[in-house]
Trainee: 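What follows is a single structure, and I will ask about it in a moment.
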Number of protein chains: 2
Amino acid sequence: MADARAPGNRRRPRQSDIARSAGVSQATVSLVLRGAPTGMSLAPATRQRVIAAAEELGYVPDPVATRLAAATNAMLGLYTFSATFPTDVAHSYYPILVGVEEEAAAQGQDLILFTGSARAAARADDPAAVRRVRVADGCLFFGRHVPAEPVRRLVEDGFPFVYIGRRDEAGVPYVGADYVSASADVVARLAAAGHRKVRYLREHDQALASVDREDGVLRGARDAGLDTLVVRTDGSDLDALLREWLDAGVTAVVVEQTDTGAALAGLGAAIDRAGLRCPGDLSLALLGAPTGTRGSAPGGGAAFSGFDVPMRAMGRGAVRLLLRLIAGDLEGPSRRLLPCEPVEGGTIGPPRPPNRTTGRA
Amino acid sequence: MADARAPGNRRRPRQSDIARSAGVSQATVSLVLRGAPTGMSLAPATRQRVIAAAEELGYVPDPVATRLAAATNAMLGLYTFSATFPTDVAHSYYPILVGVEEEAAAQGQDLILFTGSARAAARADDPAAVRRVRVADGCLFFGRHVPAEPVRRLVEDGFPFVYIGRRDEAGVPYVGADYVSASADVVARLAAAGHRKVRYLREHDQALASVDREDGVLRGARDAGLDTLVVRTDGSDLDALLREWLDAGVTAVVVEQTDTGAALAGLGAAIDRAGLRCPGDLSLALLGAPTGTRGSAPGGGAAFSGFDVPMRAMGRGAVRLLLRLIAGDLEGPSRRLLPCEPVEGGTIGPPRPPNRTTGRA
DNA sequence: TCAAGGGTTTAATTCGTATTAATAAGCAAT
DNA sequence: ATTGCTTATTAATACGAATTAAACCCTTGA
């Protein structure tokens with residue numbers, strides 16, 4: 001088991017090889033390459049010889065050994081509880097990865113994707129596997145289904161990590177999005193456009209992101225004095241519900257955007273089947289608009305009105321926060337909520353006059 | 001720097017703690033927890049005591065130490081030479097990552113993205129930085145601009161690695177796509193549709209992928225006895241060229257798909273400006289069609305005809321090959337070209353009759 | 001000449017686990 | 001009682017680098 005080396009293969013050079021080659025001790029090699037502590041000096045000639053030998057042999061420090069000796073290795077972990085690179089292009093999380101990668105690269109940090117470990121952990125139902133993240137200097141966590149216990153242990157051990165997305169657990173650092181304010185703001189915009197009767201469509205999911213949006217919607221509705229109702233759906237058979245809403249004088253619908261997009265897809269299908277136009281017949285707002293070109297709404301194909309989740313910024317911010325935690329020089333709070341940019345879009349208009357008839361029977 | 005431990009929490013338990021608690025040696029603990037080699041037996045009572053103590057203390061093995069002792073670390077590297085890591089889904093290489101991650105996860109391997117190192121290497125123009133990939137058990141390389149020297153060193157050292165994309169250098173294992181056959185096949189399809197006069201538009205790039213496509217086009221044209229000409233472009237000002245072609249009786253154009261997409265974009269713009277329809281006025285074929293929905297062609301918006309680069313399969317295949325190299329049990333060749341799937345699309349039609357006038361003056 | 005001092009280098013130890021060679025203990029047979 | 005043979009356990013060491021205390025120069029100054 002020990003020998004996984006391909007045949008006919010020189011061993012990776014280590015510090016002792018350099019030492020022998022340069023005629024010094026391993027300790028000296030470490031001091032030269034790692035940098036001597038203040039007050040200790042190396043002879044320039046020695047330094048040169050060591051560096052030359054290291055170059056000659058193609059030495060690269062073993063991050064595992066480095067890590068075991070309690071230093072850092074310029075590697076950040078990324079532990080996701082789903083695929084890191086989503087196969088489905090419709091998957092909405094990848095801008096986070098873009099942000100993480102951008103910032104990590106800018107900071108000279110490499111990235112370890114614990115996809116193999118995560119998969120193994122899930123398959124074997126082995127909560128201890130999360131510990132593997134300790135090979136990195138610190139780790140980003142991301143995803144909905146997170147085993148609480150192993151993460152609690154990481155906190156306890158003082159291992160630096162950051163969640164992407166808000167978390168409730170005490171002492172867990174995170175970088176999230178301020179869904180509450182953003183959602184309230186969307187409702188306020190509907191109110192400003194003249195809407196009085198609004199419905200909020202969400203999924204059955206218990207995720208914090210969903211809870212926050214609902215909180216925001218309710219807060220915005222209360223502040224504006226709107227008639228609002230929260231409805232949960234799995235996205236199927238929304239035709240009757242839509243009809244009912246229209247008959248009751250509802251003029252605007254707010255939908256949450258999730259990773260599955262079930263609620264949105266279901267509503268969109270129902271709107272198309274009913275032959276409704278947006279925002280002519282019905283105003284639509286999306287809490288968390290998908291980025292780029294994929295945001296064409298049903299009933300006319302306009303860009304969704306709503307807000308933009310700053311996913312890329314979250315990724316970047318999480319990396320920055322993590323690096324501060326690793327360095328230990330954290331002054332401010334280790335929990336941050338980033339503001340969501342309002343998206344004007346084209347699906348919010350004035351409310352449809354109650355007398356006008358809808359698309360078709 | 002040394003202390004990454006949060007203040008005031010106890011050190012996490014290690015094997016020696018269990019040993020003390022159970023009244024055995026550390027070696028025994030390791031043997032119990034890890035499993036003794038065949039031929040060596042543990043007393044059931046001892047085993048019980050050790051397991052109980054480990055449970056009691058909440059022991060979890062330190063993966064860092066485990067790997068330091070075990071020599072292989074179940075980590076595969078991924079090093080790209082492009083300016084930015086293709087985490088953006090819009091990037092044409094993204095499916096490769098999907099494939100790599102899929103297969104790595106399935107094999108229980110974690111993935112190290114050397115984005116930070118690559119960036120640093122590029123910035124400092126330090127070819128030695130590539131050596132950092134040795135922290136992984138093996139590495140995948142990917143990208144057009146590859147510093148030859150450090151890679152040659154890796155070959156020399158016997159470090160297991162695999163290129164994604166064909167390489168000329170001797171002894172470099174790769175998983176690529178058979179652009180030659182696929183391109184020849186596309187030309188054959190044009191010939192079968194009745195086209196006699198065809199132009200091939202490519203970029204100035206010297207990349208092997210471009211060379212292969214041109215070779216394939218030329219081979220296909222020769223086999224079918226077509227009148228063919230290769231034209232290089234940077235994608236700008238193709239209007240005059242397009243006009244010239246039409247006047248000369250050209251009825252089909254083949255374009256290469258690259259990471260920049262410059263040639264294709266330029267031709268598309270020229271076609272749109274000329275008000276041409278595809279395939280009514282001109283047949284189009286794309287060598288390496290973008291996957292999914294992004295492939296709508298100019299002059300009508302049909303899906304491109306051409307072939308599909310099996311990027312996902314390349315990613316998966318590269319991981320599999322790399323693991324075989326690492327394990328050392330390689331029987332077959334370490335160079336593989338995967339076939340490209342032909343894509344029917346809607347931009348190849350019968351040639352336009354020579355008498356009919358084109359879109360506009 | 002010896003001691004003191006400063007600049008350089010190294011021996012020794014640490015990190016936590018895996019593994020092997022060696023030891024100890026138990027028991028049967030001689 | 002001694003040898004021989006299992007079975008159970010441990011001492012010792014490797015893994016590769018970081019770190020500290022100690023040793024080694026080589027000058028100066030007395």
Side-chain angles (χ1 to χ4, degrees), chain A residues 1-5 11-20 22-50 53-54 57-75 128 131-132 134-135 137 157 159, chain B residues 1-5 11-20 22-50 54 57 59-74 131-132 134-135 137:
Chain A
M1 165 173 291
D3 181 60
R5 219 64 73 184
R11 195 169 80 304
R12 258 152 73 157
R14 43 187 176 199
Q15 289 189 348
S16 58
D17 296 321
I18 299 176
R20 197 173 330 108
V24 296
S25 73
Q26 175 266 325
T28 303
V29 174
S30 176
L31 290 174
V32 168
L33 297 180
R34 183 74 188 170
T38 47
M40 184 177 274
S41 56
L42 282 304
T46 306
R47 174 184 298 276
Q48 291 308 326
R49 258 185 306 143
V50 168
L57 294 175
Y59 171 79
V60 170
D62 183 335
V64 178
T66 303
R67 185 68 185 158
L68 184 61
T72 70
N73 54 17
M75 289 193 179
R131 279 250 165 149
R132 181 164 158 93
R134 300 184 65 123
V135 303
D137 289 339
D157 290 347
F159 180 77
Chain B
M1 165 175 294
D3 181 58
R5 214 72 68 184
R11 189 172 43 63
R12 68 200 193 90
R14 40 188 177 198
Q15 289 187 349
S16 58
D17 296 322
I18 299 176
R20 198 173 329 108
V24 297
S25 72
Q26 174 268 323
T28 302
V29 174
S30 176
L31 290 174
V32 168
L33 297 180
R34 185 116 225 283
T38 48
M40 184 177 272
S41 56
L42 281 305
T46 306
R47 175 184 297 276
Q48 291 308 326
R49 257 185 307 143
V50 168
L57 295 175
Y59 171 79
V60 176
D62 181 342
V64 176
T66 303
R67 299 219 332 283
L68 181 61
T72 87
N73 56 17
R131 294 187 194 133
R132 185 168 154 85
R134 304 179 76 151
V135 305
D137 291 341

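We name chains A, B, ... by the order of the sequence lines, and we start the count at 1 in each one.
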Trainee: To the nearest 0.5 Å, what is the distance between CZ (A/Arg134) and CG (A/Leu68)?
Mentor: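 Reported to 0.5 Å precision, the distance equals 11.5 Å.
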
Trainee: What's the separation between atom CZ in B/Arg12 and atom CG in B/Asp17, rounded to the nearest 0.5 Å?
Mentor: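 Atom-to-atom, B/Arg12:CZ and B/Asp17:CG are 10.5 Å apart.
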
Trainee: With sequence neighbours left out, what residues match A/Asp62 under side chain to side chain donor-acceptor pair (under 3.5 Å)?
Mentor: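 For A/Asp62 there are no side chain to side chain donor-acceptor pair (under 3.5 Å) partners, ignoring immediate neighbours.
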
Trainee: Could you tell me how far apart B/Asp62 (CG) and C/dT14 (P) are, to the nearest whole angstrom?
Mentor: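 These atoms are roughly 18 Å apart.
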
Trainee: In whole Å, I'd like the distance from the CG atom of B/Asp17 to the P atom of C/dT17.
Mentor: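 My rounded result for the distance is 9 Å.
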
Trainee: Which atom pairs, one a donor and one an acceptor, fall under 3.5 Å between side chains of residues 22-30 of chain A and the rest of the protein, sequence neighbours left out?
Mentor:
{"from": "A/Ser25", "atom 1": "OG", "to": "A/Ala27", "atom 2": "N", "distance (Å)": "3.4"}
{"from": "A/Ser25", "atom 1": "OG", "to": "A/Thr28", "atom 2": "N", "distance (Å)": "3.3"}
{"from": "A/Ser25", "atom 1": "OG", "to": "A/Thr28", "atom 2": "OG1", "distance (Å)": "3.1"}
{"from": "A/Gln26", "atom 1": "NE2", "to": "A/Gln15", "atom 2": "OE1", "distance (Å)": "2.9"}

Trainee: Measuring from atom CZ of B/Arg47 to atom CG of B/Leu42, what distance do you get when rounded to the nearest 0.5 angstrom?
Mentor: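 It comes to 5.0 Å.
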
Trainee: Is the phosphate of D/dC15, meaning OP1 or OP2, less than 4.0 Å from a side-chain N or O of A/Arg14?
Mentor: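 True: A/Arg14 side-chain N/O within range (under 4.0 Å) of D/dC15 OP1/OP2.
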
Trainee: Can you measure B/Leu33 atom CG to C/dT17 atom P for me and round it to whole angstrom units?
Mentor: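 The answer, rounded to whole Å, is 9 Å.
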
Trainee: Can you find a heavy atom in the side chain of B/Ile18 that is under 4.5 Å from one in the side chain of B/Leu33?
Mentor: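 Yes, their side chains come closer than 4.5 Å.
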
Trainee: Could you pull out the protein-nucleic contacts involving nucleotides 26-28 of chain D (nitrogen or oxygen on both sides, under 3.5 Å)?
Mentor:
none

Trainee: Between the protein and nucleotides 4-10 of chain C, list the N/O to N/O atom pairs that are separated by less than 3.5 angstrom.
Mentor:
{"from": "C/dT8", "atom 1": "OP2", "to": "A/Ser41", "atom 2": "OG", "distance (Å)": "2.5"}
{"from": "C/dT9", "atom 1": "OP1", "to": "A/Thr46", "atom 2": "OG1", "distance (Å)": "2.4"}
{"from": "C/dT9", "atom 1": "OP2", "to": "A/Ala43", "atom 2": "N", "distance (Å)": "3.0"}
{"from": "C/dT9", "atom 1": "OP2", "to": "A/Thr46", "atom 2": "OG1", "distance (Å)": "3.3"}
{"from": "C/dT10", "atom 1": "OP2", "to": "A/Ser25", "atom 2": "N", "distance (Å)": "2.9"}
{"from": "C/dT10", "atom 1": "OP2", "to": "A/Ser25", "atom 2": "OG", "distance (Å)": "3.1"}
{"from": "C/dT10", "atom 1": "OP2", "to": "A/Thr28", "atom 2": "OG1", "distance (Å)": "2.4"}

Trainee: Look at B/Arg34 and C/dT19 and indicate whether a side-chain polar atom (N or O) is within less than 4.0 Å of OP1 or OP2.
Mentor: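 Checking B/Arg34 against C/dT19: at least one side-chain N or O falls below 4.0 Å of OP1 or OP2.
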
Trainee: Search all heavy atoms of B/Pro13 against all heavy atoms of B/Leu57 and return the closest pair with its distance.
Mentor: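 That closest heavy-atom pairing would be CG-O, 3.3 Å.
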
Trainee: Rounded to whole angstroms, how far apart are CZ on B/Arg12 and P on C/dC15?
Mentor: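 My rounded result for the distance is 13 Å.
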
Trainee: For the OH atom of A/Tyr59 and the CZ atom of A/Arg14, what is their distance to the nearest 0.5 Å?
Mentor: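 The CZ atom of A/Arg14 is 11.0 Å from OH of A/Tyr59, to the nearest 0.5 Å.
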
Trainee: Just to confirm, is there a sub-4.0 Å distance from OP1 or OP2 of D/dA17 to any side-chain nitrogen or oxygen of A/Tyr59?
Mentor: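 Result: yes.
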
